[in-house]
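Have a look at the structure below before the remarks.
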Amino acid sequence: HVQLVESGGGSVQTGGSLRLSCVISGRTSNYCMAWFRQAPGKQREGVASISGNRGRIRYEDSVKGRFTISQDKSKNEVYLQMRSLRPEDSAMYYCAGDLLQGATPLGPDSWRDYGYWGQGTQVTVS
């Protein structure tokens, strides 16, 4: 049974930084892990993903150069380092994962590909 627990959200000023963590329990060594976000009234969108085998990484265009996804398999954790935060980055951030055979979906409706989700952590940028 896979469980994901996020932490690290908070309130920061524009230009600030936050580091989100996702603690994973269960056998997920070959899972694709991703971070999604959802603002009120908006669809859930993929932010970054990392494949479980070769560590292939993808980013949504608006966060490229500002956000970094990484994982520590020894700790079974995934991170999202966020820098140069903007008000439009404000959202509930979710950690997600699934066994996707090397794929790292992030496009529209890609949230449907992930079967395991955390409860979310709120990020507010003002």
Side-chain angles (χ1 to χ4, degrees):
H1 182 63
V2 175
Q3 287 187 314
L4 310 176
V5 178
E6 306 97 331
S7 63
S11 296
V12 296
Q13 293 186 334
T14 299
S17 300
L18 283 173
R19 186 191 192 217
L20 307 184
S21 298
C22 175
V23 177
I24 307 162
S25 61
R27 298 183 64 180
T28 61
S29 60
N30 289 322
Y31 275 36
C32 172
M33 301 302 299
W35 287 95
F36 284 75
R37 65 186 179 187
Q38 188 168 20
K42 295 189 176 181
Q43 188 175 9
R44 189 170 297 193
E45 65 171 354
V47 174
S49 60
I50 183 167
S51 66
N53 44 16
R54 297 184 179 181
R56 186 175 66 158
I57 291 174
R58 295 179 63 183
Y59 294 102
E60 190 268 329
D61 285 345
S62 71
V63 308
K64 286 180 180 177
R66 301 188 299 122
F67 291 11
T68 304
I69 188 171
S70 61
Q71 61 183 5
D72 186 335
K73 290 197 173 185
S74 67
K75 295 182 179 180
N76 226 13
E77 295 184 4
V78 176
Y79 311 101
L80 185 69
Q81 177 68 53
M82 305 185 294
R83 297 182 176 89
S84 301
L85 283 163
R86 306 166 180 168
E88 53 264 39
D89 294 317
S90 297
M92 186 71 78
Y93 281 70
Y94 298 91
C95 178
D98 214 322
L99 187 61
L100 298 178
Q101 307 300 331
T104 52
L106 268 189
D109 294 330
S110 60
W111 60 269
R112 301 177 188 274
D113 295 317
Y114 296 86
Y116 299 99
W117 293 84
Q119 82 288 349
T121 185
Q122 180 68 40
V123 171
T124 303
V125 186
S126 60

Side chain to side chain, V12 and M82, heavy atoms closer than 4.5 Å
no
Does atom NZ of K75 have more than 12 heavy-atom neighbours, drawn from other residues, nucleotides or ligands, at distances under 6.0 Å?
no
Under 4.5 Å between any side-chain heavy atoms of V125 and S90, yes or no?
yes
Closest heavy-atom pair, P105 versus D113, reported as atoms and distance to 0.1 Å, is CB-OD2, 3.4 Å
State yes or no: do L85 and V63 share one hydrophobic cluster built from I, L, V, M, F, W and Y residues joined by side-chain heavy-atom distances below 4.5 Å, directly or via other members?
yes
Nearest heavy-atom contact between L106 and E60 is CD1-N, 3.9 Å
R83: what forms a salt bridge (Lys or Arg N to Asp or Glu O under 4.0 Å) with it, not counting sequence neighbours?
none
I need the full list of ring-ring contact (aromatic ring centres under 6.0 Å, His included) pairs touching residues 34-70, with sequence neighbours left out, sorted by first then second residue.
F36-Y114, F36-W117
Output a table of donor-acceptor pairs, distance under 3.5 Å, between side-chain atoms of residues 43-51 and any protein atom two or more places apart or on a different chain; print 'none' if there are none.
{"residue": "Q43", "atom": "NE2", "partner": "D109", "partner atom": "OD1", "Å": "2.5"}
{"residue": "R44", "atom": "NE", "partner": "Q38", "partner atom": "OE1", "Å": "3.2"}
{"residue": "R44", "atom": "NH2", "partner": "Q38", "partner atom": "OE1", "Å": "3.3"}
{"residue": "E45", "atom": "OE2", "partner": "R37", "partner atom": "NE", "Å": "2.6"}
{"residue": "E45", "atom": "OE2", "partner": "R37", "partner atom": "NH2", "Å": "3.1"}
{"residue": "S49", "atom": "OG", "partner": "T104", "partner atom": "O", "Å": "3.1"}
{"residue": "S51", "atom": "OG", "partner": "N53", "partner atom": "OD1", "Å": "3.4"}
{"residue": "S51", "atom": "OG", "partner": "G55", "partner atom": "N", "Å": "3.2"}
{"residue": "S51", "atom": "OG", "partner": "R56", "partner atom": "N", "Å": "2.7"}

For T68, does its backbone N or O pair with a side-chain atom of Q81 as donor and acceptor, under 3.5 Å?
no
Output the distance between atom OG (S11) and atom CD (Q122), rounded to the nearest 0.5 Å.
7.5 Å
Checking Y116 now: which residues fulfil side chain to side chain donor-acceptor pair (under 3.5 Å) with it, not counting sequence neighbours?
none
Quiz question: by atom type and distance under 3.5 Å, do the side chains of E77 and Y79 form a donor-acceptor pair?
yes
Show me the side-chain donor-acceptor pairs of residues 13-29 shorter than 3.5 Å, one per line, residues at least two apart or across chains.
{"residue": "T14", "atom": "OG1", "partner": "S126", "partner atom": "O", "Å": "3.1"}
{"residue": "S25", "atom": "OG", "partner": "Q3", "partner atom": "N", "Å": "3.4"}
{"residue": "S25", "atom": "OG", "partner": "Q3", "partner atom": "O", "Å": "3.4"}

If I take atom CD from residue Q119 and atom CE from residue M92, how far apart are they, to the nearest 0.5 angstrom?
8.5 Å
Can you sort out the partners of D61 under salt bridge (Lys or Arg N to Asp or Glu O under 4.0 Å), two or more places apart, ordered by chain and number?
K64
When hydrophobic residues are tied together by side-chain contacts of less than 4.5 Å, even through go-betweens, does L100 share a cluster with I69?
no
Check whether I57 and Y94 end up in the same hydrophobic cluster, where Ile, Leu, Val, Met, Phe, Trp and Tyr are linked by side-chain heavy atoms less than 4.5 Å apart.
no
